Amino acid sequence: METKTAIVLGATGLVGRHLVAQLVDAPHISKVIIITRRPIALSSDKLVVYQLNFDTINEYGNRFAGDILFSCLGTTRNKAGSIAAQRKVDLDLQYQCAQIAFNQGVSELFLVSSSGANSESQNAYLQMKGELEEKIGDLGFNTLNIFQPSLLLGERKEFRAGERIASAMLPLLCKIPALSKYRPIHAAEVARKMVQVSRTDGDGVNIYRLDDVFPSE
């Protein structure tokens, strides 16, 4: 079986942590390159960790040599300090890294976006996610797989009061049929689906929406 080199952006995040752990165990992945700003305590013969200055990310194009880029980067407005600062991470940086990877010959990109992503949305978060999907779609990757989960469940390194409350309430509210498409999903499940899709040789743009890929129980 032909194996691939995976590049992971956002490996310290909720989906990224699960994704790296699963890619390390995946027989079709021979190497996992982690692009990170912060030190990361992981150990595996498959892992290569590059701790880089994201402000000068264009200087490190050769670090993006591989087959698949998994882009799981993201922050919150509160953590970033403003919507403008959040856009620099969620939109500008991810797009910049996608450009670099494309120029290095990466043919597949797996992007974690959001349910409801729409460049014309009145919601700033959903708008930036929609803009990112469109901009990356214009780059010309052979395969672009976009995953649109709703609220992500899992153990975060930082406390987010709003998400903690929502994660407790939404499973109950989403038993109402009209709200089922907003139900939360575990980050590990999103990562599992991404790894599963990476085993196949798809092409074109494929959008994996919550109801299509993660059916309710």
Side-chain angles (χ1 to χ4, degrees), residues 4-11 13-29 32 66-75 89-91 93-95 97-98 101-102 106-121 123 125-154 163 166-167 170-171 174 177-217:
K4 298 179 180 181
T5 294
I7 307 161
V8 180
L9 186 66
L14 193 55
V15 173
R17 295 200 307 271
H18 289 287
L19 179 64
V20 168
Q22 294 179 32
L23 288 173
V24 164
D25 290 335
H28 68 292
I29 299 296
V32 181
D67 301 297
I68 310 173
L69 173 63
F70 292 90
S71 193
C72 313
L73 198 62
T75 187
V89 176
D90 279 36
L91 175 56
L93 180 58
Q94 284 201 94
Y95 177 65
C97 289
F102 180 77
V106 173
S107 61
E108 301 178 55
L109 191 148
F110 286 54
L111 174 67
V112 178
S113 183
S114 173
S115 177
N118 186 332
S119 62
E120 298 182 0
S121 174
N123 178 281
Y125 177 76
L126 298 180
Q127 182 185 70
M128 72 179 75
K129 290 298 184 184
E131 288 180 41
L132 179 62
E133 290 184 8
E134 292 178 2
K135 292 184 69 173
I136 286 180
D138 290 337
L139 286 175
F141 283 93
N142 290 345
T143 304
L144 172 58
N145 291 313
I146 299 172
F147 298 81
Q148 296 182 335
S150 55
L151 177 68
L152 293 168
L153 301 177
E163 290 187 0
S167 66
L170 274 178
C174 290
L179 298 178
S180 64
K181 65 180 179 179
Y182 300 111
R183 68 189 181 280
I185 183 172
H186 283 276
E189 189 174 357
V190 178
R192 190 175 304 115
K193 187 64 185 181
M194 295 174 78
V195 174
Q196 178 187 336
V197 173
S198 73
R199 294 191 180 99
T200 63
D201 294 321
D203 57 22
V205 179
N206 308 289
I207 299 179
Y208 295 90
R209 297 180 176 87
L210 187 70
D211 285 335
D212 297 335
V213 182
F214 312 111
S216 56
E217 296 179 356

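Because the structure is a prediction, the values reported are computed rather than measured. If you read the sequence from its start, that first residue is 1, and numbering goes on from there.
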With a 4.5 Å cut-off on side-chain heavy atoms, are Q22 and Q196 touching?
no
Locate the shortest heavy-atom distance separating P149 from S113; write the atom from each residue and the value.
CD-O, 3.8 Å
Working to the nearest 0.5 Å, report the span between NE2 of H18 and CZ of R192.
9.0 Å
Could you give me the CA-CA distance, side-chain angles and deciding distance for M194 and V112, then say whether side chain to side chain contact (heavy atoms under 4.5 Å, CB included) is met?
CA-CA 9 Å; M194 295 174 78; V112 178; 3.7 Å; yes
Looking at Q94 and L73, would you say the former's side chain and the latter's main chain have a donor-acceptor pair under 3.5 Å?
yes
So do L132 and D90 actually touch side chain to side chain, heavy atoms under 4.5 Å?
no
Heavy atoms, side chains only, cut-off 4.5 Å: are L126 and N118 in contact?
no
Is any side-chain heavy atom of L109 closer than 4.5 Å to one of I68?
no
Test your reading of the model: is there a side-chain donor-acceptor pair from T143 to the backbone of G202, 3.5 Å cut-off?
yes
Do L23 and F70 come close enough that some side-chain heavy atom pair is under 4.5 Å?
yes
Check whether D67 reaches the backbone of S107 with its side chain - one donor and one acceptor, N or O, closer than 3.5 Å.
no
Which distance, rounded to the nearest 0.5 Å, do you find between the CD1 of I146 and the CD1 of I207?
5.0 Å
Side-chain heavy-atom pair H28, V195 within 4.5 angstrom cut-off
yes
Decide side chain to side chain contact (heavy atoms under 4.5 Å, CB included) for I185 and L152; before the verdict, give the C-alpha distance in whole Å, the side-chain angles of both, and the deciding distance to 0.1 Å.
CA-CA 5 Å; I185 183 172; L152 293 168; 4.0 Å; yes
Which residues satisfy the ring-ring contact (aromatic ring centres under 6.0 Å, His included) test with Y95, sequence neighbours excluded?
none
Separation of Y125 OH from N123 CG (nearest 0.5 Å)
9.5 Å
Are any non-hydrogen side-chain atoms of V205 and E133 less than 4.5 angstrom apart?
no
What heavy-atom pair brings L144 and G137 nearest, and what distance separates the two atoms?
CD2-CA, 3.7 Å
Residue pair F147 / V197, side-chain heavy-atom distance below 4.5 Å:
yes
Write out all pairs satisfying salt bridge (Lys or Arg N to Asp or Glu O under 4.0 Å) with one or both partners inside residues 195-205, taking only residues at least two apart or from two chains.
K4-D201
Looking only at heavy atoms, what is the nearest atom pair of L69 and C97, with distance?
CD2-O, 4.1 Å
Output the distance between atom OG (S115) and atom NZ (K129), rounded to the nearest 0.5 Å.
12.5 Å
What's the spacing between L19 CG and L9 CG if we round to 0.5 Å?
11.0 Å
Supply the atom-to-atom distance S119 OG to K135 NZ, rounded to the nearest 0.5 angstrom.
11.5 Å
